[in-house]
Amino acid sequence: MQTMALQNKCDYGFVRVASAVPRVNVADVDFNVENIIECYNQAKNAGAQLLVLPELCVTAYTCADLFASDALLDAAKHAISTIKKTTLHDDLLLFIGVPIRNNGHLYNCAIAIQGGRVLGVVPKSYVPNYKEFYEKRWFSCALLAGEQECVELNGEVVPFGCNLLFNAGKVKIAAEICEDLWAPIPPGSVASVSGANIIVNLSASNEVIGKHNYLVDLIKTQSARCIAAYVYSSAGYGESSTDLVFAGNAIIAENGKLLATGKRFAGVPQLVYADVDVDMLNHERCMNSSFADSALHFSKKKSEVALNWGKTLDYNVTPVLRNFERHPFIPSEESRLNERCEEIVNIQTMGLMRRMSFTHIDKLVVGVSGGLDSTLALLVACRAFDKLGYARKNIYGITMPGFGTTGRTYNNALKLMKALGITVKEISIVDAVKQHFRDIEHDIEVHNVTYENGQARERTQILMDYSNKVNALVLGTGDLSELALGWATYNGDHMSMYNVNGSIPKTLVRHLVKWFATWTDVATETGKIIRETLLDVFETPISPELTPADSRGNIQQKTEDLVGPYELHDFFLYHTLRNGYSPAKIYMLAKQMFEGEYEHATIKKWLTKFYWRFFSQQFKRSCMPDGPKVGSVSLSPRGDWRMPSDVAAAVWIKECENLID
């Protein structure tokens with residue numbers, strides 16, 4: 001069936017969805033329709049493209065034996081016509097709950113209405129008849145309809161069945177009703193592997209102690225398993241309180257995450273919105289081979305109904321209605337951040353412990369500069385040695401001052417190594433590098449890439465050769481952000497025997513160092529020194545210190561002045577690798593997330609630089625050392641990221657160049 005495309009050039013794959021909980025009166029259809037229309041108009045004015053209302057909201061869920069009354073059912077049927085007229089000139093897709101008679105049976109149904117038409121009727125698959133639920137007294141389950149594919153409503157023949165899929169190109173929507181979600185194999189699961197990427201649930205779930213938390217977990221889990229968005233609306237104030245209370249739940253989830261929730265027990269109508277990222281969902285499905293295999297096993301042919309979503313929001317003008325993190329690798333809540341830091345450090349520690357025990361080597365060599373990355377690697381090394389029962393003196397921390405080393409980093413390196421109780425070695429690279437420059441006929445006054453890389457490779461040579469001398473492993477320190485940008489000297493600091501930082505972005509490295517400082521015991525003088533030093537490392541500008549300091553001995557070569565702010569690059573990196581976003585989509589989001597901090601032209605400049613460096617520096621990642629994966633974004637050529645070293649970046653650079661500031 002021919003469908004109309006959802007996207008134009010400005011919607012970036014987002015669909016604005018809404019969940020509403022109107023006020024109802026039991027069996028008062030006119031009152032209920034007025035409230036449904038009010039919710040509809042509010043959602044339309046907010047730019048929503050999809051609106052979901054509760055189960056049986058036209059009549060109320062708690063009508064009980066009144067569902068056997070022709071008067072009530074006829075009023076409900078007539079209400080559909082009234083609601084249709086309201087939608088006549090709009091693209092907003094509305095799902096409402098209505099009892100529908102068909103071939104001598106009564107069905108609890110979700111009805112899809114758009115543009116003055118009923119697009120389809122989806123009956124409830126699982127009709128509960130246990131504990132407080134007694135629905136089979138009135139309603140039949142969808143299976144009873146068999147192969148029936150249509151129903152007559154007010155003179156109009158419309159599609160009917162639980163196999164309906166509402167199609168708008170890359171967006172496909174399936175409906176289920178309340179208990180369907182709680183079944184061992186929900187209809188939404190089958191619909192998802194059959195193409196649905198948004199599942200709506202019209203519900204009337206009463207409140208009992210503990211049920212709500214379980215419900216939220218169920219919705220999040222279902223959206224994650226289905227790699228879909230889940231829009232849930234449950235009955236609220238106005239339902240009968242004879243035996244049950246309905247608090248009203250408006251919940252929107254996407255791939256395991258809550259995007260929006262309403263306020264329960266409010267006593268007033270609820271309406272929540274979120275922008276569902278359909279492009280991300282489709283990308284995630286393409287990358288997940290198990291999802292494709294599930295489609296082979298469980299997908300069923302669906303009867304598709306075309307949607308008309310000709311009007312979409314321009315997200316260059318309209319802010320995205322969802323919580324995108326400015327720092328996607330860093331949880332915004334302190335408790336979650338602490339949990340994540342501890343888990344990451346445990347992964348790093350366990351990886352290093354296994355590598356050392358397997359190689360039967362009980363010594364490490366690590367270059368300690370006084371910067372963030374080497375500090376984190378050293379702290380992980382100490383933790384691993386403590387757990388293995390190895391003596392910390394078998395960690396050889398080597399600081400290698402050169403032409404650009406400042407007193408701040410030099411002193412921090414020495415203080416930290418001494419306080420941690422490792423073996424401290426200081427080996428200046430100045431004389432060796434001068435001799436090397438003479439050998440290769442390089443003018444030491446020319447501070448170019450040869451000048452910088454010559455120092456980096458001399459340091460790596462010292463680490464490698466010293467490790468041979470003492471029979472140790474060289475511990476790498478380079479992080480994920482540096483690997484993404486290629487900000488590492490090939491066969492210099494790029495190389496090691498094991499790298500515990502390789503899948504940790506720079507923005508997160510900083511917080512890990514601060515986390516270690518926070519949890520350092522300051523009851524002793526040594527503990528105080530460690531904490532003070534770590535906090536100063538946390539505040540130190542990021543620099544390779546390969547060019548001379550300024551006249552006051554301060555760091556002059558600041559990495560972020562050269563390659564751009566790491567918080568921007570980590571934002572670009574996350575959404576490029578994790579979500580497969582285009583440069584245009586990342587740019588649009590970055591403008592909104594960093595509004596007031598960076599000018600649009602600055603964001604565009606560094607985004608273009610990101611793609612240029614990311615593509616041109618793949619050859620360094622193709623031979624990066626082993627190291628543990630700690631998050632969902634990784635660049636290991638043996639794991640998450642495989643890309644030719646000679647791939648062209650023209651498509652991405654061209655899109656960046658065409659971006660409008």
Side-chain angles (χ1 to χ4, degrees), residues 283-293 328-329 340 343-361 364-367 373-374 376-377 380-381 384 456-457 460 463-464 467 472-509 512 569-570 572-580 610-611 613-649 652:
H283 170 267
E284 192 78 5
R285 288 182 173 187
C286 287
M287 297 296 104
N288 190 316
S289 59
S290 295
F291 186 88
D293 290 345
F329 293 104
R340 180 165 297 182
E343 187 169 17
I344 289 170
V345 170
N346 284 335
I347 292 171
Q348 290 178 286
T349 302
M350 188 63 68
L352 181 57
M353 289 170 62
R354 174 57 184 157
R355 180 54 55 99
M356 297 196 71
S357 61
F358 176 77
T359 56
H360 301 290
I361 293 177
L364 276 182
V365 168
V366 55
D373 293 338
S374 64
L376 177 60
V380 170
R457 291 194 178 103
T460 301
L463 296 175
M464 290 290 182
S467 74
L473 296 178
V474 174
L475 187 63
T477 62
D479 62 54
L480 178 68
S481 305
E482 292 177 341
L483 287 165
L485 297 170
W487 191 249
T489 299
Y490 190 78
N491 205 32
D493 53 307
H494 154 261
M495 192 48 61
S496 65
M497 296 172 183
Y498 195 73
N499 184 0
V500 291
N501 291 346
S503 64
I504 303 176
K506 182 74 77 177
T507 51
L508 187 52
V509 170
L512 286 164
H569 284 308
D570 284 356
F572 304 154
L573 175 65
Y574 179 87
H575 290 296
T576 297
L577 267 63
R578 183 67 181 85
N579 296 327
F610 169 82
Y611 283 109
R613 294 195 67 98
F614 183 79
F615 280 92
S616 67
Q617 301 295 295
Q618 173 63 22
F619 72 98
K620 295 179 183 178
R621 299 188 290 267
S622 294
C623 57
M624 61 184 280
D626 291 355
K629 175 181 176 178
V630 302
S632 60
V633 175
S634 174
L635 287 170
S636 168
R638 298 165 295 276
D640 290 65
W641 191 252
R642 296 167 178 82
M643 184 175 80
S645 295
D646 49 5
V647 69
W652 291 264

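- Interatomic distance, Trp652 CH2 to Thr576 OG1, rounded to the nearest 0.5 Å: 10.0 Å.
- Pairing each heavy atom of Leu364 with each of Ala381, the nearest pair is CD1-CB, 3.7 Å.
- Between Asp626 and Arg638 the shortest side-chain heavy-atom distance falls below 4.5 Å.
- Judged by distance alone, the side chain of Ser634 and the main-chain N or O of Val630 form no donor-acceptor pair under 3.5 Å.
- Here CD of Gln348 is found 5.0 Å from CG of Leu376. Values are rounded to the nearest 0.5 Å.
- The side-chain heavy atoms of Met624 and Leu483, taken from C-beta on, include a pair separated by under 4.5 Å.
- Side-chain contact between Arg578 and Ser632 is present, with heavy atoms from C-beta onward closer than 4.5 Å.
- Across all their heavy atoms, Asn499 and Gly476 have their closest contact at OD1-O, 3.1 Å.
- Residue Leu485 holds its CG atom at 9.5 Å from CG of Leu480, rounded to the nearest 0.5 Å.
- In this structure, the side chain of Asp493 engages the main chain of Thr489 through a donor-acceptor pair within 3.5 Å.
- Residues Trp487 and Gln617 have side chains not in contact (no heavy-atom distance under 4.5 Å, counting atoms from C-beta outward).
- A donor-acceptor pair under 3.5 Å is absent between the side-chain atoms of Thr477 and the main chain of Asp373, judged by distance alone.
- For the atom pair Asp479 CG and Leu508 CG, the distance stands at 10.0 Å (nearest 0.5 Å).
- Put simply, the side chain of His494 does not reach to within 4.5 Å of the side chain of Arg457, judged on heavy atoms.
- Between Phe614 and Leu635, some side-chain heavy-atom pair lies under the 4.5 Å cut-off.
- Note: Thr349 OG1 to Ile344 CD1 = 11.5 Å, rounded to the nearest 0.5 Å.
- Panel note: side chain Ser503, backbone Pro628; a donor-acceptor pair is recorded below 3.5 Å.
- Listed here is the closest heavy atom pair of Leu577 and His283: O-CE1, 4.3 Å.
- Between Gln618 and Trp641 the shortest side-chain heavy-atom distance falls below 4.5 Å.
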Worked check of salt bridge (Lys or Arg N to Asp or Glu O under 4.0 Å) between Arg613 and Glu482: CA-CA 10 Å; Arg613 294 195 67 98; Glu482 292 177 341; over 6 Å; no

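- The minimum heavy-atom distance between Ser481 and Lys506, with the atom names listed, is OG-N, 2.8 Å.
- A ring-centre distance under 6.0 Å is found for Phe619 and Tyr490.
- Judged by distance alone, with hydrogens and angles left aside, the side-chain atoms of Lys620 form a donor-acceptor pair with the main-chain N or O of Ala488 at under 3.5 Å.
- Under a 3.5 Å cut-off, the side chain of Arg340 and the backbone N or O of Phe329 do form a donor-acceptor pair.
- Taking CG of Asp570 as the reference point, atom CD1 of Ile504 lies at 12.0 Å (rounded to 0.5 Å).
- Between Met497 and Ser467 there is a side-chain heavy-atom pair separated by less than 4.5 Å.
- Within 6.0 Å of CE in Met350 there are 12 or fewer heavy atoms belonging to other residues, nucleotides or ligands.
- When atom types are taken as modelled, the side chain of Arg285 and the backbone of Ala292 share no donor-acceptor pair closer than 3.5 angstrom.
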